[in-house]
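Presented below is the structure to which this report refers.
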Amino acid sequence: MTAKISYDDVEVGMELPVQTFPVSRATLVQYAGASGDFNPIHWNEKFAKEVGLPDVIAHGMFTMAEAIRVVTDWAGDPGAVAEYGVRFTKPVVVPNDETGALIEVSAKVAAKLDDDDRTVRVDLTAMSAGQKVLGMSRAVVRLG
């Protein structure tokens, strides 16, 4: 696949469509099974609270993966992401109710990096419960 977005059509400051991703306790159990990360802070409320957390929290790598979906959906090709990095700033707390948690992700083109490689840097902002959950969230994307 190739990115569906053309480098020539992208401008610095361009905002990508905002997306919201729901997270439930069931989502966390499914991710634990897929990733092999069965740390009880991600599924056992009693244990999470005993170690000082407010409740069960989402896996950091799960949060990171949900956030980059904004970029891969926009580019039209997951392989267009050449680099991606974040800092984990706050956990996504997932209550045991019908709603769970929401991860709200916005992103914008922060820089055009290389005309020859047709790469741009996209800065992402991931929020949950009014708190920024990822810091320094940046992706380098190779466009068509």
Side-chain angles (χ1 to χ4, degrees), residues 1-5 7 9-114 117-144:
M1 292 178 69
T2 308
K4 295 178 182 176
I5 302 293
Y7 178 82
D9 294 336
V10 172
E11 298 294 331
V12 172
M14 177 182 198
E15 295 185 4
L16 282 59
V18 174
Q19 292 190 49
T20 301
F21 304 101
V23 186
S24 68
R25 294 279 177 96
T27 307
L28 300 182
V29 172
Q30 291 167 339
Y31 182 81
S35 68
D37 182 353
F38 292 99
N39 187 322
I41 64 172
H42 302 304
W43 57 270
N44 184 319
E45 184 174 332
K46 181 178 180 289
F47 182 85
K49 289 181 176 182
E50 284 175 356
V51 298
L53 294 168
D55 207 330
V56 165
I57 63 170
H59 302 73
M61 296 303 283
F62 171 82
T63 303
M64 189 177 174
E66 290 292 83
I68 197 64
R69 288 176 55 191
V70 169
V71 176
T72 59
D73 289 353
W74 170 73
D77 177 10
V81 177
E83 296 177 32
Y84 178 45
V86 305
R87 284 198 171 150
F88 300 105
T89 56
K90 299 277 184 188
V92 174
V93 178
V94 183
N96 191 20
D97 59 20
E98 300 78 34
T99 307
L102 295 174
I103 302 170
E104 301 156 351
V105 184
S106 60
K108 69 178 179 179
V109 176
K112 287 186 125 179
L113 301 176
D114 189 330
D117 278 347
R118 304 178 71 76
T119 53
V120 297
R121 189 185 89 217
V122 177
D123 291 354
L124 298 92
T125 301
M127 306 283 293
S128 185
Q131 295 189 320
K132 193 173 183 179
V133 295
L134 298 177
M136 299 293 291
S137 184
R138 296 179 174 169
V140 173
V141 185
R142 185 169 290 109
L143 301 176

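These figures come from a predicted structure and were not determined experimentally.
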How long is the straight-line distance from CD of Glu66 back to CG of Leu102, given to the nearest 0.5 Å?
11.0 Å
Atom pair OG1 (Thr125) and CD (Glu104), whose distance is rounded to the nearest 0.5 Å:
11.5 Å
Shortest non-hydrogen separation from Ala3 to Gly144 and the atoms involved
CB-N, 3.8 Å
Shortest non-hydrogen separation from Val81 to Ala139 and the atoms involved
CG1-CB, 4.5 Å
Once you round to the nearest 0.5 Å, how far does NE2 of His59 lie from NE2 of His42?
4.0 Å
Apply side-chain contact (heavy atoms from CB on, under 4.5 Å) to Thr27 and Phe62, showing your working.
CA-CA 10 Å; Thr27 307; Phe62 171 82; 3.5 Å; yes
Got Val92 and Phe21 here, is their nearest side-chain heavy-atom distance under 4.5 Å?
no
Counting N and O atoms only, with roles assigned by atom type, does the side chain of Thr119 sit under 3.5 Å from a partner on the main chain of Arg142, one being a donor and the other an acceptor?
no
Does Val70 reach the side chain of Val18, with side-chain heavy atoms less than 4.5 Å apart?
no
Can you confirm whether the side chains of Glu45 and Asn96 place a donor and an acceptor under 3.5 Å from each other?
no
How far apart are the closest heavy atoms of Lys132 and Lys90, and which atoms are they?
O-CG, 3.4 Å
Under 6.0 Å from the NZ atom of Lys112, do we count more than 12 heavy atoms belonging to anything else shown?
yes
So, do Glu15 and Trp74 sit near enough that their side-chain heavy atoms are less than 4.5 Å apart?
no
What's the separation between atom CZ in Arg121 and atom CD in Glu83, rounded to the nearest 0.5 Å?
11.0 Å
Nearest-0.5 Å distance, CG of residue Asn44 to CG of residue Leu53:
11.5 Å
Verdict with reasoning, Leu134 to Phe88, per side-chain contact (heavy atoms from CB on, under 4.5 Å)
CA-CA 5 Å; Leu134 298 177; Phe88 300 105; 3.6 Å; yes
Please find the pair of heavy atoms, one from Ala110 and one from Asp123, that lie closest to each other, and give the distance.
CB-OD2, 3.3 Å
Side-chain contact test, heavy atoms from C-beta onward, threshold under 4.5 Å: evaluate it for Asp55 versus Arg25 and give yes or no.
yes
Of the non-hydrogen atoms in Gly100 and Val94, which two are nearest, and what is the gap between them?
CA-CG1, 4.3 Å
dist Ile5:CD1 -> Met14:CE (nearest 0.5 Å) comes out at 6.0 Å
Quick check against the 3.5 Å criterion: does Trp43 have a side-chain atom that pairs as donor or acceptor with the backbone of Phe38?
yes
Shortest non-hydrogen separation from Tyr7 to Leu143 and the atoms involved:
N-CB, 3.8 Å
How about Thr72 and Tyr84: do any of their side-chain heavy atoms sit closer than 4.5 Å?
no
Could you check Val71, Val10, Ile68, Val109 and say which one makes a side chain to side chain contact (heavy atoms under 4.5 Å, CB included) with Val141?
Val71
